[in-house]
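Working notes, structure below.
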Amino acid sequence: MRELAYLAVLLACVLGTLPLEFVLHAKVYRRWQRAVVAILPVAAVFLTWDYLATRAGWWHFDRSYLTGVFAGPLPLEELLFFLVIPVCGLLTFEAVRHLRPEWARGSVLAARRAPPSVSSPRATGDGS
């Protein structure tokens with residue numbers, strides 16, 4: 001069972017964030033083309049990095065936690081990592097943006113810098 005550990009962690013990430021798509025309307029899976037455009041270039045860079053580091057011997061994978069399916073020096077789980085984790089991140093971001101749209105617009109930061117719109121009561125000096 002230990003050989004399924006990495007895969008199990010990825011599955012837990014997917015299952016843990018899946019409700020964000022349907023309950024909080026994150027719309028990542030519904031707009032999958034946008035996700036692909038966002039994820040693939042970054043995944044290509046990091047997969048290349050992983051590939052080169054693994055081939056050079058600077059990085060390795062403990063085979064006892066892997067299914068044993070490899071594409072060159074990279075295990076299936078590592079290839080899935082660069083798809084699953086960014087999708088989970090996008091789901092989380094979009095769910096928060098859906099719940100708190102002002103955060104997405106940056107108005108929270110602007111509100112922190114702006115003076116309050118309602119002034120506090122001040123002493124008038126007339127005894128009232």
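All values below were derived from every heavy atom in this structure, side-chain atoms included, with hydrogens, water molecules and symmetry-related copies excluded.
The shortest side-chain heavy-atom distance between Y65 and E3 does not fall under the 4.5 Å cut-off. Between F81 and L74, the closest side-chain pair of non-hydrogen atoms is not below 4.5 Å. Residues D50 and F46 are not in side-chain contact: their nearest non-hydrogen atoms beyond the backbone lie 4.5 Å or more apart. No side-chain heavy atom of L66 sits under 4.5 Å from any side-chain heavy atom of L7. Counting only heavy atoms from C-beta outward, the side chains of L52 and W58 never approach each other to under 4.5 Å. Side-chain contact check for T67 versus Y6: every heavy-atom pair is 4.5 Å or farther apart.
When all heavy atoms of V14 and C88 are compared, the pair lying nearest together is N-SG, 4.0 Å. In terms of heavy atoms, P86 sits closest to F82 at CG-O, 3.3 Å. Of all non-hydrogen atoms in C13 and V84, the two that sit nearest each other are CB-CG1, 4.2 Å.
For the pairing with V28, the side-chain contact (heavy atoms from CB on, under 4.5 Å) check across T92, T17, L20, L90 returns one residue only, L90.
Shown here are the ring pair (Phe, Tyr, Trp, His ring centres under 6.0 Å) partners of W32, two or more places apart in sequence or in another chain: there are none.
Under the 4.5 Å side-chain contact rule for hydrophobic residues, L76 and F61 share a cluster. Taking hydrophobic clusters as Ile, Leu, Val, Met, Phe, Trp and Tyr residues chained together by side-chain heavy-atom distances below 4.5 Å, Y51 shares a cluster with L79. The same ILVMFWY cluster, assembled from side-chain heavy atoms under 4.5 Å apart, contains both L18 and L99. V37 and F93 fall into different hydrophobic clusters, where Ile, Leu, Val, Met, Phe, Trp and Tyr residues are linked whenever their side-chain heavy atoms come under 4.5 Å apart, directly or through other members. Residues V42 and L80 fall within the same hydrophobic cluster, defined by Ile, Leu, Val, Met, Phe, Trp and Tyr side chains chained together at heavy-atom separations under 4.5 Å.
The salt bridge (Lys or Arg N to Asp or Glu O under 4.0 Å) analysis of residues 67-95, with sequence neighbours excluded, yields the pairs R31-E94, E94-R97.
Within a 6.0 Å radius of CZ in R30, other residues, nucleotides and ligands contribute more than 12 heavy atoms.
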Quiz item: Can you list the steps and then say if L91 with Y29 is a side chain to side chain contact (heavy atoms under 4.5 Å, CB included)?
Solution: CA-CA 9 Å; L91 281 165; Y29 293 123; 3.8 Å; yes

